[in-house]
Amino acid sequence: MQAVASATLASPPPLGEGGWGEGSQLLRAWRRETVFYLFATPFAALTIVFGLWPIVLSVMTSFTASATALKPVPIYVGFANYAAILRDPLFFSSLRLTLVYAALAVVANLGVALAYALLLDSPLLARGRSFFKLAMFLPVVTPDVAGYVVWRWLYDQSFGALTAFLHLVGMPAFGGVASPATAMLAVLIAELWLHAGFYAVIFLANLAVCERALEEAADIDGARPWQKLFYVVLPELRPAIVINLVYALIQFLKTFTVVVVMTKGGPSGATNFLSYYAYQFFDQARYGEATAMATVLFAIVLLAATGVCALGERGRV
Amino acid sequence: MKRVLTYTVAAAASIFFLYPYLWMFVSSFRTTAAVLRDPLRCWPERFDMSGLASILQMGDLSLLRAMVNSLAIAGISTMLAVLATALGAYALTRRPRALAFRLLRYGFLMTMMYPYMLLVIPVYIVVYKLGLLGGYSGIVLFLAVGPIQFFLFEQLFRALPSEVIEAATIDGAGEAAILFRVVLPMARPVMATVTIITFLLNWAQWFPVLVISTDSDTWTLPVALLNVNGELGTNFQGIMALALVTTIPVALLFLVAQRK
């Protein structure tokens with residue numbers, strides 16, 4: 001519509017010339033519009049073929065018998081795959097693990113990222129700030145497989161530098177990914193190492209546009225540091241907190257690569273998160289159950305992400 | 001006193017972030033026996049090249065081929081992604097009310113929400129149906145759409161002053177001329193940033209590459225690393241060397257880009 005208006009404004013049709021002139025105006029306006037569809041075509045094609053079609057296919061596959069999923073005419077079995085995973089006790093323990101891990105990872109990552117961002121933002125840290133920022137962000141651009149491979153070996157009982165270091169300073173040994181009790185923590189630390197810098201950068205971007213006068217006013221009023229943090233700084237950081245929360249929830253609910261590299265879901269299922277569990281079904285060509293699990297996880301992610309978004313919107317007055 | 005504490009915490013955090021790189025580097029050039037004896041050493045006794053030598057040929061895949069694959073797949077998919085997303089985001093911001101574009105935007109947001117790792121499972125089926133399984137084109141095309149690129153471009157085009165486009169329109173420029181002669185030249189710095197980010201992201205991709213490949217001919221460095229890491233009979237030094245080779249190009253690219 002806008003283009004039609006501006007095209008007409010740019011060269012008003014000569015009055016009294018009749019329908020032909022008007023028709024050519026329309027034609028030109030129409031061509032102006034079609035060019036936008038032309039621009040969007042590659043993007044639309046890629047989004048549909050490698051984004052929307054797979055999602056539709058995935059949901060459809062979750063209603064088919066696995067053995068026929070790749071056949072031209074799959075056999076539909078209704079909710080049988082969903083019933084099958086709901087009967088599977090391992091599915092529920094995997095779901096519980098995923099939720100617990102996601103909650104812990106979100107809190108740990110955002111907590112560390114916020115603390116580090118506040119530290120980097122502090123006027124006390126005048127020199128070397130760009131170095132500390134760089135150190136924090138380097139893991140974010142490091143290929144995750146490479147980072148997790150190094151962490152896997154850092155934890156190793158005989159090769160690992162961590163084990164040797166703890167021994168050196170006389171601290172008790174850390175089981176790392178070898179012990180069911182510590183595997184989740186070990187995975188969490190490795191993911192924190194890789195991701196925290198990303199969330200810290202978002203916090204820093206928000207801190208850069210904060211109203212400094214408010215903090216100064218709080219100082220003058222004699223607010224204690226924790227009062228300043230909770231009543232002045234955190235409310236100002238609300239946009240970054242909401243963005244990071246949504247992003248981190250999506251990120252950690254689908255934790256996958258770190259499990260593939262470091263634990264393969266073990267030891268004794270201690271890190272068998274839902275996306276890895278679903279992948280194992282996929283690997284055994286049990287496409288029906290795998291996509292049913294994927295759909296359940298998708299619903300959880302969608303619910304969590306939109307829930308946080310809605311909360312964030314409601315709080316904004 | 002407060003300053004000392006601040007620096008101590010920042011330094012400790014930096015050691016946490018950077019030590020794994022040092023350990024990876026040192027372990028790539030020390031024999032397995034040497035690492036077992038003293039895992040904490042901060043510099044190799046002497047530079048032992050047997051780790052690098054052991055990964056020059058990994059089964060059917062040569063290190064050179066994996067490097068070329070990584071470079072080609074990340075490079076081509078990045079160019080495609082930047083081009084397609086820039087054009088798409090531009091059309092969507094210029095005509096935000098067109099029904100087709102609104103639907104496309106919602107659809108795109110949906111694909112973002114879908115857990116990425118699980119999207120790859122049905123993508124396998126799609127690529128299989130398209131007959132692209134085992135080739136480069138399936139991998140490259142899959143890597144050519146990404147949420148971060150779209151949002152960066154959308155943000156840029158929304159901030160574009162409308163006077164610029166109006167002025168060009170009054171001068172009689174067509175939409176194609178406006179885009180290629182006016183808008184894109186203005187967008188060049190953002191295009192450069194998006195290109196670097198996309199390259200870094202696509203270099204790290206391993207799951208779609210593994211799923212769409214039918215043999216090791218199309219594997220990239222991260223996939224090769226994952227495979228070597230999962231092998232029986234640990235070649236610790238080789239694993240560290242391959243991790244180093246996988247990390248160095250993107251770390252350097254990032255550090256150079258950061259300077260500018």
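Here the structure is a predicted model, which is why all the values come from computation and not from measurement. In what follows, every chain begins at residue 1, and chains take the letters A, B, ... in the order their sequences are listed.
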Any side-chain heavy-atom pair of A:Phe132 and A:Met136 under 4.5 Å: no
Chain A contacts, top residue of B:Leu18, B:Val250, B:Leu200 (heavy-atom pairs, under 4.5 Å): B:Leu18
Plane angle bin for B:Phe142 and A:Phe50 - parallel if under 30°, tilted between 30 and 60°, otherwise perpendicular: perpendicular
Contact leader toward chain A among B:Thr246, B:Leu83, B:Leu36, where contacts are heavy-atom pairs under 4.5 Å: B:Leu36
CG on B:Leu109 to CZ on B:Phe151, rounded to 0.5 Å: 5.0 Å
Close side-chain approach of A:Tyr155 and A:Met262, heavy atoms under 4.5 Å: yes
Among the listed options B:Gly107, B:Gly88, B:Ala10, the residue most often paired with chain A at heavy-atom distances under 4.5 Å: B:Ala10
Winner by heavy-atom pair count (cut-off under 4.5 Å) against chain B, out of A:Gly147, A:Gly160, A:Pro123, A:Pro42: A:Gly160
Among B:Leu244, B:Thr6, B:Ile239, residue most engaged with chain A (heavy-atom pairs, under 4.5 Å): B:Thr6
Closest-packed option against chain B by number of heavy-atom pairs under 4.5 Å, given A:Leu253, A:Thr291, A:Val246, A:Val260: A:Val260
Contacting moiety of B:Ala89, where chain A heavy atoms sit under 4.5 Å: neither
Toward chain B, the part of A:Val141 with a non-hydrogen atom under 4.5 Å: both
Interface moiety of A:Arg127 toward chain B, non-hydrogen atoms closer than 4.5 Å: both
Heavy-atom proximity to chain A below 4.5 Å, by part of B:Ile197: neither
Winner by heavy-atom pair count (cut-off under 4.5 Å) against chain B, out of A:Ile48, A:Thr306, A:Val150: A:Val150
Chain B contact via A:Tyr247 - side chain, backbone, both or neither, heavy atoms under 4.5 Å: side chain
Geometric class of the A:Tyr279/A:Phe256 ring pair [parallel <30°, tilted 30-60°, perpendicular >60°]: perpendicular
Mutual orientation of the aromatic rings belonging to B:Phe236 and B:Trp23 [parallel < 30°, tilted 30-60°, perpendicular > 60°]: tilted
Which portion of B:Val127 sits near chain A, non-hydrogen atoms under 4.5 angstrom: side chain
Test of ring centre spacing under 6.0 Å for B:Phe16 and A:Tyr116: no
B:Ile73 vs B:Gln205 side-chain heavy atoms within contact, under 4.5 Å: no
Side chain, backbone, both or neither of A:Val56 within contact of chain B (heavy atoms, under 4.5 Å): neither
Inter-residue atom distance A:Thr255.OG1 - A:Tyr276.OH, 0.5 Å rounding: 14.0 Å
Atom group of B:Ile196 that falls short of 4.5 Å from chain A, counting heavy atoms: neither
Contact winner vs chain A - B:Thr85, B:Leu179, B:Leu92, B:Leu201, heavy-atom pairs under 4.5 Å: B:Leu179
Greatest number of heavy atom pairs closer than 4.5 Å to chain B - which of A:Leu134, A:Leu120, A:Asp156, A:Leu125: A:Leu125
Chain A contact via B:Tyr128 - which portion, at a heavy-atom distance below 4.5 Å: side chain
Polar side chain donor-acceptor pair, A:Thr142 to B:Tyr21, under 3.5 angstrom: yes
Side chain, backbone, both or neither of A:Ile189 within contact of chain B (heavy atoms, under 4.5 Å): both
Aromatic plane relationship, B:Tyr124 with A:Phe282 - under 30° parallel, 30 to 60° tilted, over 60° perpendicular: perpendicular
Top contributor to chain A interface from B:Asn229, B:Ile165, B:Val145, B:Ile15 [non-hydrogen pairs under 4.5 Å]: B:Asn229
Gap between atom OG of B:Ser28 and atom CD of B:Gln237 - 0.5 Å precision: 7.5 Å
Distance in Å, A:Asn81 CG paired with A:Met293 CE, rounded so as to fall on 0.5 Å steps: 9.5 Å
Top of A:Ser122, A:Ala146, A:Ala161, A:Ala40 for chain B proximity - count of heavy-atom pairs under 4.5 angstrom: A:Ala161
When A:Ala44, A:Ala45, A:Ala135 are compared by non-hydrogen pairs under 4.5 Å with chain B, the top option: A:Ala135
Chain B contact via A:Thr61 - which portion, at a heavy-atom distance below 4.5 Å: side chain
Aromatic plane relationship, A:Phe36 with B:Tyr90 - under 30° parallel, 30 to 60° tilted, over 60° perpendicular: tilted
Structural part of A:Ala305 lying under 4.5 Å from a heavy atom of chain B: side chain
